[in-house]
Amino acid sequence: MASLVTDTRFAAPDDVYQALIDSHRDLTPDQSAMLNAKLILLLANHIGDAEVVAQALSVARKGVM
């Protein structure tokens, strides 16, 4: 069983964060939500492991509650 990796794996994490922020520039709130949904589905598909995706969802949800 694979397990969610939460350690930073990017050489330049600030650049990745900036790219995420930039991708939302000039979008309406609805377009921004759609972008997020599409990105989540693309990355979940890339991961390809339902258990890892479930772990990520759990961790993310705890961060907003």
Side-chain angles (χ1 to χ4, degrees):
M1 171 175 112
S3 155
L4 180 66
V5 176
T6 58
D7 298 329
T8 299
R9 297 173 68 184
F10 293 106
D14 290 342
D15 293 347
V16 176
Y17 178 77
Q18 189 62 53
L20 288 168
I21 297 303
D22 291 347
S23 70
H24 289 267
R25 186 173 291 121
D26 300 323
L27 296 181
T28 66
D30 285 345
Q31 290 170 324
S32 183
M34 186 178 293
L35 171 65
N36 283 336
K38 287 182 174 188
L39 179 60
I40 290 164
L41 291 172
L42 285 166
L43 294 175
N45 184 66
H46 178 75
I47 291 167
D49 185 323
E51 291 181 22
V52 173
V53 172
Q55 291 172 28
L57 290 167
S58 177
V59 170
R61 185 164 172 95
K62 286 177 189 169
V64 297
M65 301 293 290

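If you're wondering where the values come from, they're calculated on a predicted model, not measured in any experiment. In this chain, numbering begins with 1 at the start of the sequence shown.
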Query raised in the report: Between A2 and V52, what is the shortest heavy-atom contact and its length?
Result: CB-CG2, 3.5 Å

Query - side chain to side chain donor-acceptor pair (under 3.5 Å) pairs, two or more places apart, involving residues 29-41 - result: H24-S32, H24-N36, T28-Q31

Report task. Establish whether L43 and L20 are linked, either directly or via other cluster members, by ILVMFWY side-chain heavy-atom contacts under 4.5 Å. Result -> yes

Considering residues at least two apart in sequence or located in another chain, which fulfil the side-chain contact (heavy atoms from CB on, under 4.5 Å) criterion with [X]?
| X | answer |
| --- | --- |
| P29 | none |
| I21 | Y17, Q18 |
| V53 | A44, I47, L57 |

Report task. Supply the atom-to-atom distance L4 CG to T6 OG1, rounded to the nearest 0.5 angstrom. Result -> 6.0 Å

Query - For R25, salt bridge (Lys or Arg N to Asp or Glu O under 4.0 Å) partners two or more places apart - result: D22

Query raised in the report: Which residues pass the salt bridge (Lys or Arg N to Asp or Glu O under 4.0 Å) test with D15, sequence neighbours left out?
Result: none

